[in-house]
Visitor: 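Just dropping this structure here.
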There are 2 protein chains.
Amino acid sequence: MMQLNLDDPRVKRTRRGLREAFVRLILKTGYDAISIQDIATEAQAARITFYRHYRDKEELLTDCLNVLYEELAARTEKASPQRILEGYSPVRVLYEHIEEEETLYRILFSSRGTQTVIERMRHHLAVTALATMEQSGRKPQGEIPLEIIAYHVASAQIGLAIWWLDQNKPYPADYMARISLWLTLTGLSETMGVTDFKPPPPSITS
Amino acid sequence: MMQLNLDDPRVKRTRRGLREAFVRLILKTGYDAISIQDIATEAQAARITFYRHYRDKEELLTDCLNVLYEELAARTEKASPQRILEGYSPVRVLYEHIEEEETLYRILFSSRGTQTVIERMRHHLAVTALATMEQSGRKPQGEIPLEIIAYHVASAQIGLAIWWLDQNKPYPADYMARISLWLTLTGLSETMGVTDFKPPPPSITS
DNA sequence: GGACTTGTGATACACTTTGTATCTATGTGA
DNA sequence: TCACATAGATACAAAGTGTATCACAAGTCC
């Protein structure tokens, strides 16, 4: 592909048009059903123009979603340790960003193919955790919905396992399983021996 | 598509052939590069045979990976609350299963398109968490690698956010952010008021 | 403003892939 | 062995892909 000058206003206009058209189409018909021609038509551009800018749909999608990563990364920078105390934790930044860019995040998170299986596994782990908690007959601090706790746990567990395999299993499976269980049970404060900072148990009102 | 008798040995043979051929090809060239013809050829079948069994690649992929979910779900059933004490936690089952079916899990977890962006976000959150922990100057219990803790936290946080959006935001973002932080810090034991059971801090030797 | 450069649009083409139809052959179970 | 369900071979229309060429329009620079 010949190099285009990304500062040229025509290039910027065209690319933005393609990105926006793509997002509209994904929301309307879903990723897989879209052809290059569809994107070009929706963006009121020639099909060949698409190929001048992107190799395929995948590349355009990445271009669309990269802004999310960059924005999030930039904002998270500012969430320094001290400011966590004031409520500026990276988690909060994440949630705020999702609210702002909800459309793009929906596309990002919308399960494509493989994802559905992971999703079902996570759901299963969550349901299992939920059952265990309900059987214990205890009530959570601050009336936190058990469902949330269950998905927190399941996400951490599946996610860590994915990381582990991705890293080519740098530790024994058995060791990982024990750590995973330990971390979900005791949390960071205990693990890191932090006693000075603890947020209040969250409630939906305060 | 006309219904096929899944008990017919010819059908079973054909489907297994297609599944196995597909897995081989994915590992060799990656999902996207594979055409239906490729799969049929690799499975030594006619292309039309593919269409008799699956609507498209996606459906075949799902068929390939469903066994993972079903196996995992079946095994997790057996991990009752009492047996967690003996080490039969759902997490352990997950890790063992991954070790057994490593090839399939690799395919399942291999990032397709959208996933890479989520992956980068998760990585960023992990790095942020890592930096915070390092700045604190504390050592974790039992010498747990900080990297693992970081990815545990990041996975839980991203995962819970995905769930939240998926459920159409049943709680305010602010509330979710506070819960997410609370859970990662304090863990299940404290949240659920469980004091009677705590596994020992994991070490790589024991 | 005028000349030059660069990006876009229109058209065309070869090629691949898809999804279906039709007919024949072969394996399966009663 | 016979009826039937499934697989293979071949063909075809339709859609999509990726590239080439040329004319035109929009930006840039003096």
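Because the structure is a prediction, the values reported are computed rather than measured. Naming: A, B, ... by sequence-line order, numbering from 1 per chain.
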Visitor: I need the residues from residues 15-22 of chain A with at least one non-hydrogen atom less than 4.0 Å from DNA chain D; give them sorted by number, or say none.
Guide: none
Visitor: What parts of residues 34-42 of chain A reach DNA chain C, counting only heavy atoms under 4.0 Å away?
Guide: none
Visitor: Taking atom types as modelled, find out whether Tyr31(A) and Glu58(A) have a side-chain donor-acceptor pair closer than 3.5 angstrom.
Guide: yes
Visitor: Would one find a side-chain N or O of His53(A) under 4.0 angstrom from OP1 or OP2 of dG7(C)?
Guide: no
Visitor: In chain order, what residues pass the side chain to side chain donor-acceptor pair (under 3.5 Å) check against Glu100(A), with sequence neighbours excluded?
Guide: Arg75(A)
Visitor: Which residues pass the side-chain contact (heavy atoms from CB on, under 4.5 Å) test with Lys169(B), sequence neighbours left out?
Guide: Glu99(A), Glu102(A), Trp164(B), Leu165(B)
Visitor: Which nucleotide wins on minimum distance to the side chain of Thr14(A), given the candidates dT8(C), dG8(D), dT6(D)?
Guide: dT8(C)
Visitor: If I take atom CZ in residue Arg55(B) and atom C1' in nucleotide dT18(C), what distance separates them, rounded to the nearest angstrom?
Guide: 14 Å
Visitor: In whole Å, I'd like the distance from the CD atom of Glu59(A) to the C1' atom of dG18(D).
Guide: 14 Å
Visitor: Once you round it to whole Å, what is the distance between C1' of dT17(D) and CD1 of Ile48(A)?
Guide: 12 Å
Visitor: Determine all donor-acceptor pairs shorter than 3.5 Å in which one atom belongs to a side chain in residues 39-49 of chain A; sequence neighbours excluded.
Guide:
from	atom 1	to	atom 2	distance (Å)
Thr41(A)	OG1	Gln37(A)	O	2.8
Thr41(A)	OG1	Gln37(A)	NE2	3.1
Glu42(A)	OE2	Arg24(A)	NE	2.7
Glu42(A)	OE2	Arg24(A)	NH2	3.3
Thr49(A)	OG1	Ala46(A)	O	3.4

Visitor: Give the rounded distance in Å between these two atoms: OH of Tyr51(A) and P of dG16(D).
Guide: 11 Å
Visitor: So, using side chain to side chain donor-acceptor pair (under 3.5 Å) as the criterion, who are the partners of Ser180(B) when residues are at least two apart?
Guide: none
Visitor: Identify, with sequence neighbours excluded, every residue that meets side-chain contact (heavy atoms from CB on, under 4.5 Å) alongside Ala150(B).
Guide: Ala126(B), Ala129(B), Leu130(B), Met133(B)
Visitor: Which residues satisfy the salt bridge (charged side-chain N to carboxylate O under 4.0 Å, His left out) test with Arg10(A), sequence neighbours excluded?
Guide: Asp8(A)
Visitor: dT18(C) P sits how many Å from Phe50(B) CZ, rounded?
Guide: 8 Å
Visitor: Tyr105(B): what forms a ring-ring contact (aromatic ring centres under 6.0 Å, His included) with it, not counting sequence neighbours?
Guide: His97(B), Phe109(B)
Visitor: Identify, with sequence neighbours excluded, every residue that meets side chain to side chain donor-acceptor pair (under 3.5 Å) alongside Asp7(A).
Guide: none
Visitor: May I have the distance from Gln44(B) (atom CD) to dA7(D) (atom C1'), rounded to whole angstrom?
Guide: 14 Å
Visitor: Mind checking side chain to side chain donor-acceptor pair (under 3.5 Å) for Ser35(A) and listing every partner two or more places apart, or none if nothing turns up?
Guide: Asp38(A)
Visitor: What N/O pairs connect the protein and nucleotides 23-30 of chain C at under 3.5 Å? Give each pair on its own line.
Guide:
from	atom 1	to	atom 2	distance (Å)
dG27(C)	N3	Arg10(B)	NH1	3.2
dT28(C)	OP1	Arg13(B)	NH2	2.6

Visitor: What's Asp56(B) touching, base or sugar-phosphate or nothing? Going by heavy atoms closer than 4.0 Å.
Guide: nothing
Visitor: Can you tell me if Arg55(B) uses its side chain to pair, donor with acceptor, with the backbone of Leu60(B) under 3.5 Å?
Guide: no
Visitor: Taking only side-chain N and O atoms of Thr49(B), does any of them lie within less than 4.0 angstrom of OP1 or OP2 on dA7(D)?
Guide: no
Visitor: Going by modelled atom types, is there a donor-acceptor pair between the base of dG16(D) and the side chain of Arg47(A) at under 3.5 Å?
Guide: no
